[in-house]
There are 2 protein chains.
Amino acid sequence: MPERNFGVINLIKFWRYGNIGLHQARENVQLGTHNEARFAQMTSTARAEPGPTYADENIQRIPIHQQVYQQLRELILFGELTPGQPVTIQGLVSELGAGMTPVREAIRRLTSEGALEFQGNRRVCVPTPDASSIEELIVARRALEPELAARAARNATAQDIRILNEIDLRLDQAIAKGDVGTYLRENYAFHAKLYEMAKSPILTEIADGLWLRFGPSLRVVCGRMGTQNLPDQHKEMMDALRAGDAERTAKAIEDDVVQGMEQMRQAMEMR
Amino acid sequence: MPERNFGVINLIKFWRYGNIGLHQARENVQLGTHNEARFAQMTSTARAEPGPTYADENIQRIPIHQQVYQQLRELILFGELTPGQPVTIQGLVSELGAGMTPVREAIRRLTSEGALEFQGNRRVCVPTPDASSIEELIVARRALEPELAARAARNATAQDIRILNEIDLRLDQAIAKGDVGTYLRENYAFHAKLYEMAKSPILTEIADGLWLRFGPSLRVVCGRMGTQNLPDQHKEMMDALRAGDAERTAKAIEDDVVQGMEQMRQAMEMR
DNA sequence: CACTTGAAAATTTGATCATATTCTAGACGG
DNA sequence: CCGTCTAGAATATGATCAAATTTTCAAGTG
């Protein structure tokens, strides 16, 4: 059972078992009080240093509903929550020490992104995609990712390429070590970086949202298969990128996406 | 205190001028009380008959946050709100007689769908798409709509085709009469019906969401240009559909989408 | 007698609101 | 023109009520 309070960002890892918010110990875990909650990236990965490091500038209160949203988003994105798992408002409230309204707002947002599912009877849970959902996701990603990759290639700076390369290195290590969690995060980071480079906010938002729909399943599948034969077509893509060849970059990403998604589909059909 | 209850559905027509909720007459308009607010379509068009028609079955309370969401959604979708217009929580609260929490939830949902924009300083407004946004929307719609149309064609029943045809007739009449409001609604209805036929919930949700992003602009453009030279490539599409030719249906829809969006882009650039 | 079934009580959770607190933008005075 | 102040708008909480789920318990059935 959880014992410590790491600030909101770190603490939700403990869930993942059972109905969120019910069968866990009720720690006096608390969201940062108003003076502690400070600026953080809108995007994803939380910094490891929540200390009193908020130097001077850029100090901006980050609203609680935003914090809750981000955390919940990551839990789903990286499969910390399993498909079918119920997510209750009250659970989150007591788990996070936040009020109902912000929790509610976060849940609505995630629901409208397809990351959570409204069950009809006022309840919300993590969706369990079926075969046809996966098929739709393949179509959607296949349509969007190559376009984004091509745009990224056209805008790529040396700096961008270096960062991508670093991510890919960590990705390789994670695969070698069989570290599923890191694999998932770095793999996402790789694509997210490409999105960022594409400088196309709308397309990015859509493509990014798709991850939420298969994140939980991806985790389950990887957990069963291990990381060994996971796809990493990124090498060819990096070559194309360095060569400044947008078409080839797009094609490489398409292959990566299709292979990864097909693998997931097959793994899910097996059960 | 409120005197009549029309059900939330009918009442918001009053806005559309100025900052929502501020400079309007304060109708004593009120959200349905708990026992009055009853089941309605999750989708779009509200039935005209809110009377005590909730016969026996299917009587289900529709949550206020849901009602607020739907209304706000339609206001945006059909250009009742202009780009740049601020949308305030308090405004909606006093206009609708709803509490803050449900209004808040509705706004969060719409924000995460791109229908509203968070301005950084706790304010929310209807976004004003720039040229590059439009370009992205074209790419996205061009990728999704033909796919959906092809799927629709494969599933089409005689009944479906008849309904589509009726919608298209009303569309023609609206164009002839120069009735922009009806044009917008029927045009949307046409595509929405296709989505429904495609039976692909995820792709549909994405494609449907895009309408929210250009709805307000579309209204502005149509208002300036009149309805005369608006696109309606639906005839060719209907032929293809009746012939059961999915490819041709997809192509026709692609033309329709591209032409419509390009026209909007040009009209917007003119100013 | 074991087992299913059913209905009502008890408990958990969701929905909504009223209220307190924190921010922001714009007015006002220097 | 710039800093200060103030009205009002947003954020966040906890209370309250309604709905749904679970539990309880006993009657009915094979």
Side-chain angles (χ1 to χ4, degrees), chain A residues 8 18-24 26 28 30-39 58-70 85-111 116-125, chain B residues 1-2 5 8 18-23 26 30-39 59-70 85-111 116-125:
Chain A
V8 213
N19 178 339
I20 277 209
L22 274 190
H23 314 307
Q24 281 73 41
R26 306 290 167 92
N28 31 13
Q30 188 87 11
L31 278 179
T33 54
H34 291 179
N35 293 328
E36 295 172 318
R38 294 279 156 188
F39 192 75
N58 231 344
I59 295 192
Q60 225 174 15
R61 237 176 65 66
I62 207 175
I64 294 188
H65 66 83
Q66 183 76 25
Q67 297 182 47
V68 174
Y69 167 78
Q70 282 174 20
Q85 177 166 359
V87 173
T88 72
I89 295 177
Q90 305 234 348
L92 289 175
V93 166
S94 59
E95 216 57 44
L96 296 175
M100 311 207 71
T101 314
V103 167
R104 204 156 242 282
E105 290 175 75
I107 288 182
R108 292 294 170 242
R109 259 174 93 176
L110 267 331
T111 302
L116 295 175
E117 196 173 46
F118 196 65
Q119 283 195 301
N121 51 356
R122 327 164 127 202
R123 303 280 161 104
V124 168
C125 69
Chain B
M1 280 306 150
N5 169 13
V8 214
N19 178 338
I20 276 211
L22 277 188
H23 315 308
R26 304 292 166 92
Q30 185 84 11
L31 279 180
T33 56
H34 289 180
N35 293 329
E36 294 169 319
R38 296 277 156 189
F39 191 74
I59 295 194
Q60 227 175 15
R61 233 177 70 62
I62 208 175
I64 295 186
H65 64 82
Q66 182 76 24
Q67 298 181 46
V68 174
Y69 167 77
Q70 280 173 22
Q85 177 166 359
V87 173
T88 72
I89 295 177
Q90 302 249 339
L92 290 175
V93 166
S94 57
E95 216 57 43
L96 296 175
M100 314 208 68
T101 313
V103 167
R104 205 156 240 283
E105 289 176 72
I107 289 183
R108 293 291 172 244
R109 255 173 97 175
L110 267 330
T111 303
L116 295 175
E117 196 172 45
F118 195 66
Q119 286 195 303
N121 50 356
R122 314 170 137 203
R123 305 275 162 102
V124 168
C125 68

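Values below: all heavy atoms of this structure, side chains included; hydrogens, waters and symmetry mates excluded. A note on names: the letters A, B, ... follow the listed sequences, proteins ahead of strands, and every chain is numbered from 1.
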Protein-nucleotide distance (A:Gln119, atom CD; C:dG14, atom C1'), rounded to Å
13 Å
Any side-chain heavy atom of B:Cys125 sitting closer than 4.5 Å to one from B:Gln119?
yes
Rounded to whole Å, the CD1-P distance (A:Ile64 to D:dT11) equals 12 Å
A:Met100 and B:Thr101: CA distance, side-chain angles, deciding distance, side chain to side chain contact (heavy atoms under 4.5 Å, CB included) verdict
CA-CA 9 Å; A:Met100 311 207 71; B:Thr101 313; over 6 Å; no
Rounded distance [0.5 Å steps], CD in A:Gln70 versus NE2 in A:His65:
10.5 Å
Phosphate OP1/OP2 of D:dA10: any B:Arg123 side-chain N/O under 4.0 Å
no
Distance check needed: C:dA15 C1' versus A:Arg108 CZ, whole Å only.
9 Å
Going through the distances and angles, do A:Val87 and A:Leu110 end up as a side chain to side chain contact (heavy atoms under 4.5 Å, CB included)?
CA-CA 11 Å; A:Val87 173; A:Leu110 267 331; over 6 Å; no
Rounded to the nearest angstrom, tell me the gap between atom CG in B:Leu96 and atom P in C:dC17.
11 Å
Take atom CD of A:Glu105 and atom P of D:dT11, then tell me their distance rounded to the nearest Å.
7 Å
From CD1 of B:Ile62 over to P of C:dA15, roughly how many Å is that when rounded to an integer?
13 Å
Determine whether any donor atom in the side chain of A:Gln90 lies under 3.5 Å from an acceptor atom in the base of C:dG14, or the reverse, and answer yes or no.
yes
With a non-hydrogen cut-off below 4.0 angstrom, is B:Pro102 in contact with a base, only sugar-phosphate, or nothing?
sugar-phosphate
If you find the nucleotide of DNA chain D closest to A:Met100 and the one closest to A:Pro63, which residue's nucleotide is nearer the 5' end?
A:Pro63
Which of these nucleotides, D:dA9, C:dT13, C:dT16, is closest to any side-chain atom of B:His65?
C:dT16
Can you see if the side chain of A:Asn121 gets near the phosphate of D:dT21 - specifically, an N or O under 4.0 Å from OP1 or OP2?
yes
Looking only at atom types and distance, does a side-chain atom of A:Glu105 sit under 3.5 Å from a main-chain N or O of B:Arg104, one as donor and one as acceptor?
no
Does D:dT11 have OP1 or OP2 sitting under 4.0 Å from an N or O in the side chain of A:Arg104?
no
To the nearest Å, give me how far apart CD1 (A:Ile89) and P (D:dA18) are.
18 Å
Roughly, in whole Å, what's the span from CZ in A:Phe118 to C1' in D:dA20?
12 Å
Judged by nearest nucleotide, the residue sitting upstream toward the 5' end of DNA chain D, B:Arg122 or A:Thr101, is B:Arg122
